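Not measured: the values here are computed from a predicted model.
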Amino acid sequence: MKPDKKKIIAAAGTVIILIVAAAVVVMIKSNNSQPKDAEIVDSVYVAHQPDRLEYMEGEEFDPAGTVINANMKDGSIKENVPYEVKCASPLTYSGYSVTFTYEDKSVSIQLNITKRGNAAEYSVEQTPENADSPLKGKTYFFLGSSVTRGERSEGESMVDFVAKRNACQCIKEAVSGTTLMDNGETSYVQRLDAYLADGNRADHLDAFICQLSTNDIKYPDSFGEVTGADRRSAEDFDRATTSGAIEYIIVKVRETWDCPVVFYTNSDFHNENYETMLALLDQVEEKWGVEVIDLYRDEAFNDISDEDKDLYMSDTTHPTKAGYRDWWTPKFEEKLASLSTKEVDPQ
């Protein structure tokens, strides 16, 4: 018996219809399994900042008040979404950001972290005066860069502590990022020249104190050499070198004020170029008879605990208020007191 062609064709058509229908069902199911744009997070943002952004180093972050919103793929916004917080715990001076995450999207904000050594208790305002100080009523001039300025201690340095504790006048000529070597109008040399040309300059100084700038270490090819014993005029020195600038400053200060000249170094921060500069300063000291507050090579001075180091230093070169007040300032007071009865080297 021959198969009925019509029945075979009808059956085949039914199978095709069933296959197509199944494929449509699978496709619909597949499409339904994909998240809708309204459910896809495109980005997140801080709709409301935390109530508190100011912290002291060592405290814990408080997210109270934070509102995070999410921008969705379809253009809509999900408000006040739940979030995860990631930040240092406890907060550190270097860990000053906090990150909020929702789904796989994140946003970060910056916190203001105060070093423990910059707490108000260490400020100039909270520093008592020494009524019996031998420095009382004297006038000192400080020339330097960020360390003299107090770059990481809210503008308060040993200059300000010396003035407050000893009821003396301290002139602070300090610009961050500047060098002894004359490489522009902000160099130590040009700023000193500008001050000397000012009609309001001080008539008398009891001492001139100059920072051995940490910024010069970036230019070792410009360190130069200390000149021979017979070279003693301002015109004899290459001011574009660190050595030449130092000698030029000494001559100009002595010509103007005939006062003791003091150079001071940073505390030890393990830098070979700075140590080369210290060797040059040794030669300057021998030639000119200047005074040196050598904090870098003072082993007893640098022999402090890690805990004290963390309190006293904001980074490797910049002290905190506590560092200036309790660690550095006594060394400056000691040297300046010793100069009150010392004759200026006539050379």
Check: Between F141 and F208, how do the two ring planes meet: parallel, tilted or perpendicular, split at 30° and 60°?
Finding: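 The rings of F141 and F208 lie parallel, inter-plane angle below 30°.
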Next item on the list: Indicate the ring-plane relationship of W257 and Y195, choosing parallel, tilted or perpendicular according to the 30° and 60° boundaries.
Entry: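 Ring orientation, 0 to 90° scale: tilted.
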Under a 3.5 Å distance rule, please check whether [X] uses its side chain to pair with a backbone N or O of [Y] as donor and acceptor.
X: Y219; Y: M181; result: no
X: Y93; Y: D315; result: no
X: S233; Y: D236; result: no
X: T66; Y: P63; result: yes
X: D42; Y: M72; result: no
X: E84; Y: T101; result: no
X: N302; Y: L295; result: yes
X: Q211; Y: S145; result: yes
X: K73; Y: I40; result: no
X: T320; Y: S314; result: no

Under 3.5 Å, is there a donor-acceptor pair between the [X] and [Y] side chains?
X: Y248; Y: D193; value: yes
X: Y264; Y: T148; value: yes
X: S187; Y: D182; value: yes
X: D216; Y: T179; value: no
X: Y296; Y: E275; value: yes
X: H318; Y: S146; value: yes
X: R191; Y: T178; value: yes

Shortest non-hydrogen contact from [X] to [Y]?
X: P134; Y: A337; result: CG-CB, 4.0 Å
X: M277; Y: S213; result: CE-O, 3.3 Å
X: Y188; Y: I249; result: CB-CD1, 4.1 Å

When hydrophobic residues are tied together by side-chain contacts of less than 4.5 Å, even through go-betweens, does [X] share a cluster with [Y]?
X: F269; Y: F263; result: yes
X: L180; Y: L196; result: yes
X: F142; Y: V175; result: no
X: I109; Y: V67; result: no
X: I68; Y: L53; result: yes

Validation row: [X], [Y] side chains within 4.5 angstrom (heavy atoms):
X: K321; Y: S153; value: yes
X: R165; Y: E333; value: yes
X: R325; Y: E156; value: no
X: D310; Y: E57; value: yes
X: V44; Y: Y83; value: no
X: V290; Y: R254; value: yes
X: C259; Y: V253; value: yes
X: P50; Y: F100; value: yes

Can you tell me how far [atom2] of [Y] sits from [atom1] of [X], rounded to the nearest 0.5 angstrom?
X: L91; Y: M56; atom1: CG; atom2: CE; value: 11.5 Å
X: T317; Y: N271; atom1: OG1; atom2: CG; value: 10.0 Å
X: S176; Y: N215; atom1: OG; atom2: CG; value: 8.5 Å
X: Y102; Y: K78; atom1: OH; atom2: NZ; value: 3.5 Å
X: N130; Y: N166; atom1: CG; atom2: CG; value: 6.0 Å
X: D206; Y: C170; atom1: CG; atom2: SG; value: 10.0 Å

Next item on the list: List the steps, then state whether side chain to side chain contact (heavy atoms under 4.5 Å, CB included) holds for L339 with L336.
Entry: CA-CA 5 Å; L339 296 178; L336 295 178; 4.2 Å; yes
Are there more than 12 heavy atoms of other residues, nucleotides or ligands under 6.0 Å from atom [atom1] of [X]?
X: D230; atom1: CG; value: yes
X: E225; atom1: CD; value: no
X: E125; atom1: CD; value: no
X: D51; atom1: CG; value: yes

Next item on the list: Quick one: do F301 and D268 satisfy side chain to side chain contact (heavy atoms under 4.5 Å, CB included)? Show the steps, please.
Entry: CA-CA 9 Å; F301 176 80; D268 187 5; over 6 Å; no
Next item on the list: For L311 and Y122, run side chain to side chain contact (heavy atoms under 4.5 Å, CB included): C-alpha distance rounded to whole Å, both residues' side-chain angles, the deciding distance at 0.1 Å, then the answer.
Entry: CA-CA 11 Å; L311 176 68; Y122 300 112; 3.8 Å; yes
Next item on the list: Indicate yes or no: does E247 engage K287 in a salt bridge with an N to O separation below 4.0 Å.
Entry: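 Between K287 and E247 there is a salt bridge, with a charged N closer than 4.0 Å to a carboxylate O.
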Check: Hey, is K105 close enough to E103 for a salt bridge, meaning N to O under 4.0 Å?
Finding: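 Salt bridge absent between K105 and E103.
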Next item on the list: Under the side chain to side chain contact (heavy atoms under 4.5 Å, CB included) rule, what do V251 and F237 come out as? Steps first, then yes or no, please.
Entry: CA-CA 10 Å; V251 170; F237 314 117; 3.7 Å; yes
Note to self: Suppose we call two aromatic rings close when their centres sit under 6.0 Å apart. Are W328 and Y312 close by that rule?
What the structure shows: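 No.
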Next item on the list: Walk me through it: do T99 and S108 pass the test side-chain hydrogen bond (donor to acceptor under 3.5 Å, both in side chains)?
Entry: CA-CA 4 Å; T99 300; S108 297; 2.7 Å; yes
